[in-house]
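Counting from 1, the numbers follow the sequence of the chain as shown. Side chains are part of it too, since the values below use all heavy atoms of this structure and drop only hydrogens, waters and symmetry mates.
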Amino acid sequence: AALSIDKWIAVVFPLSYTSKMRYKDAVILMGYSWLHSLTFPLVSLFYSWVDYNSVYASCTLHLKEETERRRFTVFTIVFHSTSFMLSLVILCFTYLKVLKVARFHCKRIDIITMQTLVLLVDIHPSVKQRCLNEQKRRRQRATKKISIFIGSFVICFGPYIITRLIELIPFVTINYYWGIISKCLTYSKAASDPFVYSLLRQQYKKVLINIVNRILKRDLYPSSGYNSSLDTENDYCLHRTN
């Protein structure tokens with residue numbers, strides 16, 4: 001959530017980023033993150049609400065005495081509301097603002113592209129089609145990335161949070177297998193984030209492909225095939241235009 005706030009300010013307010021995101025503001029964001037992360041565990045330890053829970057096969061929030069159910073219920077609701085819901089609201093707000101800016105820039109690039117294609121009347125149809133395809137991919141790229149960021153957050157944490165809240169109802173019993181699956185989903189978020197976030201960036205993807213090609217000893221610059229035919233076509237189109 002803190003990173004999404006930083007990205008929102010950087011994208012939406014690029015010229016005033018240094019004045020809006022000062023060292024003081026960064027310290028406040030980081031300080032709150034650490035304070036939030038430490039407060040709830042310390043409170044749960046103080047009330048002895050942390051123990052091995054067989055339903056989730058992990059050491060987590062666990063109510064031992066029924067006399068403390070009301071206090072435990074309030075704590076759990078506040079904990080998940082200020083952790084999951086607050087983060088989700090911030091992610092949705094900031095990334096939708098970023099998406100709005102991205103779509104605006106895509107629309108401006110699309111206008112320039114269409115004007116260029118109209119002027120180049122002698123351009124080869126295949127080159128024109130590739131330009132239009134790239135234009136379409138560019139429009140979908142930002143939406144796809146943001147959908148994955150928010151979607152993975154909801155899919156990985158949502159089932160576990162909902163399960164923990166339903167569990168607060170006295171007569172409800174959580175299935176053992178479902179409890180483990182929902183807990184494993186929360187662990188999968190941290191495990192998959194480095195791969196998801198990096199592979200969605202073109203630079204990381206290109207570097208990864210180069211590494212794989214070097215390991216497999218493939219030719220990074222093929223002398224024939226699709227790329228060379230593209231270059232030939234482009235040269236032909238440029239020659240005709242000139």
From [X] [atom1] over to [Y] [atom2], what is the distance, rounded to the nearest 0.5 angstrom?
| X | Y | atom1 | atom2 | value |
| --- | --- | --- | --- | --- |
| Ser4 | Leu96 | OG | CG | 11.0 Å |
| Ser33 | Leu38 | OG | CG | 10.5 Å |
| Leu45 | Asp51 | CG | CG | 11.0 Å |
| Leu35 | Thr39 | CG | OG1 | 4.0 Å |
| Thr76 | Ile161 | OG1 | CD1 | 10.5 Å |
| Ser182 | Asn175 | OG | CG | 10.0 Å |

task: Evaluate the side-chain contact (heavy atoms from CB on, under 4.5 Å) criterion for residues Phe72 and Tyr47: first the C-alpha distance (whole Å), next the side-chain angles of each, then the deciding distance (0.1 Å), finally the verdict.
output: CA-CA 9 Å; Phe72 180 81; Tyr47 286 108; over 6 Å; no

message: Other residues, nucleotides and ligands only: do more than 12 of their heavy atoms fall within 6.0 Å of NZ on Lys145?
response: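 Yes, NZ of Lys145 has more than 12 neighbouring heavy atoms, counting only those of other groups under 6.0 Å.
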
Tyr52 OH: over 12 foreign heavy atoms closer than 6.0 Å: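 Enclosed: over 12 neighbouring heavy atoms sit under 6.0 Å from OH of Tyr52.
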
Tell me whether [Y] is reachable from [X] by hopping between hydrophobic residues (I, L, V, M, F, W, Y) whose side-chain heavy atoms are closer than 4.5 Å.
| X | Y | value |
| --- | --- | --- |
| Phe79 | Ile166 | yes |
| Val78 | Leu168 | yes |
| Ile28 | Tyr17 | no |
| Leu3 | Met30 | no |
| Ile169 | Leu165 | yes |

task: Could you check whether the rings of Phe149 and Tyr95 sit parallel, tilted or perpendicular, using 30° and 60° as the cut-offs?
output: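 It falls in the tilted class, 30° to 60°.
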
task: Verify, without hydrogens or angle tests, whether Ser87 (side chain) and Phe84 (backbone) share a donor-acceptor contact under 3.5 angstrom.
output: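 No, the answer is negative, given that no donor and acceptor are paired below the 3.5 Å cut-off.
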
message: I'd like to know if the side chain of Asp25 and the backbone of Arg22 have a donor-acceptor N/O pair within less than 3.5 Å.
response: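 Yes; at least one donor-acceptor contact below 3.5 Å.
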
field: side-chain contact (heavy atoms from CB on, under 4.5 Å) assessment of Glu68 paired with Trp49
entry: CA-CA 10 Å; Glu68 295 184 340; Trp49 288 338; 2.9 Å; yes

- prompt: Do Thr94 and Lys7 have side-chain heavy atoms sitting under 4.5 Å apart?
  reply: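 No. Closest side-chain heavy atoms not under 4.5 Å.
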
Heavy-atom check, side chain of Phe75 versus side chain of Arg71, under 4.5 Å: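 Not in contact.
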
Where [X] and [Y] come nearest, the two heavy atoms and their spacing:
| X | Y | value |
| --- | --- | --- |
| Val50 | Cys59 | CG1-SG, 3.7 Å |
| Glu167 | Arg69 | O-NH1, 4.4 Å |
| Ser58 | Tyr187 | CB-OH, 3.9 Å |
| Pro41 | Ser44 | O-OG, 2.7 Å |
| Asn53 | Leu61 | ND2-O, 3.5 Å |
| Leu91 | Ile150 | O-CD1, 4.1 Å |

CA sep, side-chain torsions, deciding dist, call: Phe40, Thr82, side-chain contact (heavy atoms from CB on, under 4.5 Å): CA-CA 10 Å; Phe40 287 100; Thr82 54; 3.3 Å; yes

message: Among Trp178, Tyr56, Phe153, exactly one meets ring pair (Phe, Tyr, Trp, His ring centres under 6.0 Å) together with Tyr160. Which residue is that?
response: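 The single option meeting the ring pair (Phe, Tyr, Trp, His ring centres under 6.0 Å) with Tyr160 is Tyr56.
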
message: Let's go through Leu29 and Met21 carefully: what are the C-alpha distance in whole Å and the side-chain angles of both, what is the deciding distance for side-chain contact (heavy atoms from CB on, under 4.5 Å) to 0.1 Å, and is it a yes or a no?
response: CA-CA 10 Å; Leu29 279 175; Met21 182 54 72; 3.8 Å; yes

